[in-house]
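Note that the numbering runs from 1 along the sequence shown for the chain.
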Amino acid sequence: MSLEKKLKLYALNKDDLKIFSFLCQDAILSKNEYFYDKTKKQFVTTLTRYCWEKKEFRDKNINFRVVTGLQFKNVDNVEFINFKTKMSFYNLLTISYINKNIILNFSMSSKIKLNCNKIDATIEDIDIPWPTKLKPIHD
């Protein structure tokens with residue numbers, strides 16, 4: 001896989017969102033990097049995503065991050081749960097779809113809950129990946 005290839009995928013169902021969840025695990029969200037347009041019913045955010053899909057480089061102890069955009073359409077309402085005013089960054093753990101809600105689950109029990117009757121989402125790398133020495137560690 002070339003480093004210059006940018007990821008762009010669409011999600012139209014729960015299984016597609018599972019792929020988004022895998023790709024975005026351990027992504028970092030700045031509390032200033034999201035926007036909800038009520039008129040267009042779109043929620044957009046940018047994340048600094050750890051590139052889990054670049055296994056051939058990880059095997060050589062080279063890790064990468066990339067700025068990635070997430071867009072969710074058909075969003076009727078957005079609810080922020082446990083978002084602390086003192087926190088500047090959040091670590092994304094999973095993305096799921098439960099009872100007509102796309103839920104972005106972050107560390108420290110923070111969540112963004114997107115109420116939508118239909119899944120219509122896009123993930124797209126905005127930049128090319130850059131090397132990092134840091135790799136997320138899971139117990």
Side-chain angles (χ1 to χ4, degrees):
M1 175 187 284
S2 170
L3 289 179
E4 290 76 31
K5 286 188 180 178
K6 294 181 184 178
L7 183 81
K8 184 172 184 178
L9 299 171
Y10 301 95
L12 301 173
N13 58 48
K14 283 174 136 179
D15 289 335
D16 293 343
L17 275 183
K18 288 178 186 175
I19 294 168
F20 279 32
S21 184
F22 165 76
L23 291 169
C24 291
Q25 182 181 10
D26 297 308
I28 299 168
L29 167 77
S30 164
K31 71 175 182 179
N32 301 319
E33 294 292 324
Y34 53 80
F35 177 74
Y36 175 53
D37 185 330
K38 281 186 181 182
T39 308
K40 292 183 179 179
K41 293 186 167 191
Q42 290 183 348
F43 180 85
V44 180
T45 186
T46 55
L47 309 161
T48 303
R49 182 176 71 78
Y50 181 81
C51 298
W52 290 105
E53 73 278 13
K54 296 194 180 297
K55 183 177 181 339
E56 69 275 19
F57 294 103
R58 285 198 327 268
D59 290 345
K60 297 173 187 168
N61 290 322
I62 303 171
N63 303 291
F64 293 91
R65 282 201 174 265
V66 65
V67 176
T68 298
L70 280 177
Q71 176 184 346
F72 299 94
K73 296 180 181 177
N74 306 308
V75 178
D76 296 317
N77 187 47
V78 177
E79 184 179 353
F80 295 90
I81 302 165
N82 284 333
F83 264 64
K84 317 273 191 275
T85 55
K86 292 183 180 181
M87 293 294 298
S88 296
F89 298 96
Y90 292 87
N91 183 30
L92 182 60
L93 303 176
T94 63
I95 301 172
S96 57
Y97 186 71
I98 303 168
N99 298 326
K100 298 185 179 183
N101 291 293
I102 294 174
I103 303 170
L104 287 77
N105 296 288
F106 297 90
S107 56
M108 300 186 335
S109 301
S110 300
K111 298 175 192 260
I112 299 176
K113 188 171 158 182
L114 310 173
N115 180 257
C116 37
N117 290 320
K118 180 181 172 188
I119 298 171
D120 187 351
T122 305
I123 184 173
E124 183 174 6
D125 290 346
I126 297 168
D127 201 354
I128 58 170
W130 69 86
T132 178
K133 293 181 181 180
L134 302 175
K135 178 182 176 186
I137 299 172
H138 296 272
D139 293 331

For a side-chain contact (heavy atoms from CB on, under 4.5 Å) with Ile126, tell me which candidate from Val66, Thr46, Leu47 qualifies.
Thr46
Hey, any chance Phe22 and Ile95 share a hydrophobic cluster, counting ILVMFWY side chains that come within less than 4.5 Å of each other, even indirectly?
yes
To the nearest 0.5 angstrom, please state how far the OG1 atom of Thr45 sits from the CD atom of Glu33.
7.0 Å
Looking at Asp26 and Tyr50, would you say the former's side chain and the latter's main chain have a donor-acceptor pair under 3.5 Å?
no
Can you name the one residue among Leu104, Asn105, Leu29 that meets side-chain contact (heavy atoms from CB on, under 4.5 Å) with Leu92?
Leu104
Any chance you could lay out the side chain to side chain donor-acceptor pair (under 3.5 Å) test for Thr132 and Asn63, step after step, and finish with the verdict?
CA-CA 5 Å; Thr132 178; Asn63 303 291; over 6 Å; no
Looking only at heavy atoms, which two atoms of Thr68 and Arg49 are closest? And how far apart?
OG1-NE, 3.1 Å
Rounded to the nearest 0.5 angstrom, the OH-CZ distance for Tyr90 and Phe83 is 5.5 Å
From CD1 (Ile123) to CD (Gln71), nearest 0.5 Å
12.0 Å
Using 30° and 60° as the class boundaries, would you call the ring planes of Tyr36 and Phe43 parallel, tilted or perpendicular?
tilted
Return the minimal non-hydrogen interatomic distance between Leu23 and Trp52, and the atom names on each side.
O-CD1, 4.2 Å
So if you build clusters from Ile, Leu, Val, Met, Phe, Trp, Tyr with side-chain heavy-atom gaps below 4.5 Å, do Val78 and Leu17 land together?
yes
Answer with yes or no after comparing the ring centroid distance for Phe80 and Tyr34 against a 6.0 Å cut-off, counting only values under it.
yes
Is it possible for you to say whether Phe35 and Ile112 belong to one hydrophobic cluster, with membership spreading through side-chain heavy-atom contacts below 4.5 Å?
no
Quick one about Lys41 and Asn74 (side-chain donor to acceptor, distance below 3.5 Å, no hydrogens or angles considered), yes or no?
no
Between atom CG of Asp125 and atom CG of Leu9, what is the distance when rounded to the nearest 0.5 Å?
9.0 Å
side-chain contact (heavy atoms from CB on, under 4.5 Å) evaluation trace for Ile81 with Lys113
CA-CA 8 Å; Ile81 302 165; Lys113 188 171 158 182; 4.3 Å; yes
Closest heavy-atom pair, Tyr10 versus Thr122, reported as atoms and distance to 0.1 Å, is CD2-OG1, 3.4 Å
Could you walk me through whether Lys6 and Glu124 pass the side-chain contact (heavy atoms from CB on, under 4.5 Å) test, one step at a time?
CA-CA 7 Å; Lys6 294 181 184 178; Glu124 183 174 6; over 6 Å; no
Nearest heavy-atom pair of Phe64 and Pro131: which atoms, and what distance?
CD2-N, 3.5 Å
What about Ile28 and Leu7, same hydrophobic cluster or not, with Ile/Leu/Val/Met/Phe/Trp/Tyr joined at side-chain heavy-atom distances under 4.5 Å?
no
Could you state whether Leu12 and Ile119 fall into the same hydrophobic cluster, counting links through intermediate Ile, Leu, Val, Met, Phe, Trp or Tyr residues with side-chain heavy atoms under 4.5 angstrom apart?
no
Side chain Asn101, main chain Ile103, donor-acceptor under 3.5 Å:
no
Euclidean distance, Arg65 CZ relative to Asp127 CG, rounded to 0.5 Å
14.0 Å
Rounded at 0.5 Å granularity, tell me how far CG in Asp120 sits from CG in Asn13.
11.0 Å
Shortest non-hydrogen contact from Tyr97 toward Cys116
OH-O, 3.0 Å
Shortest non-hydrogen separation from Lys54 to Pro129 and the atoms involved:
CE-CG, 3.4 Å
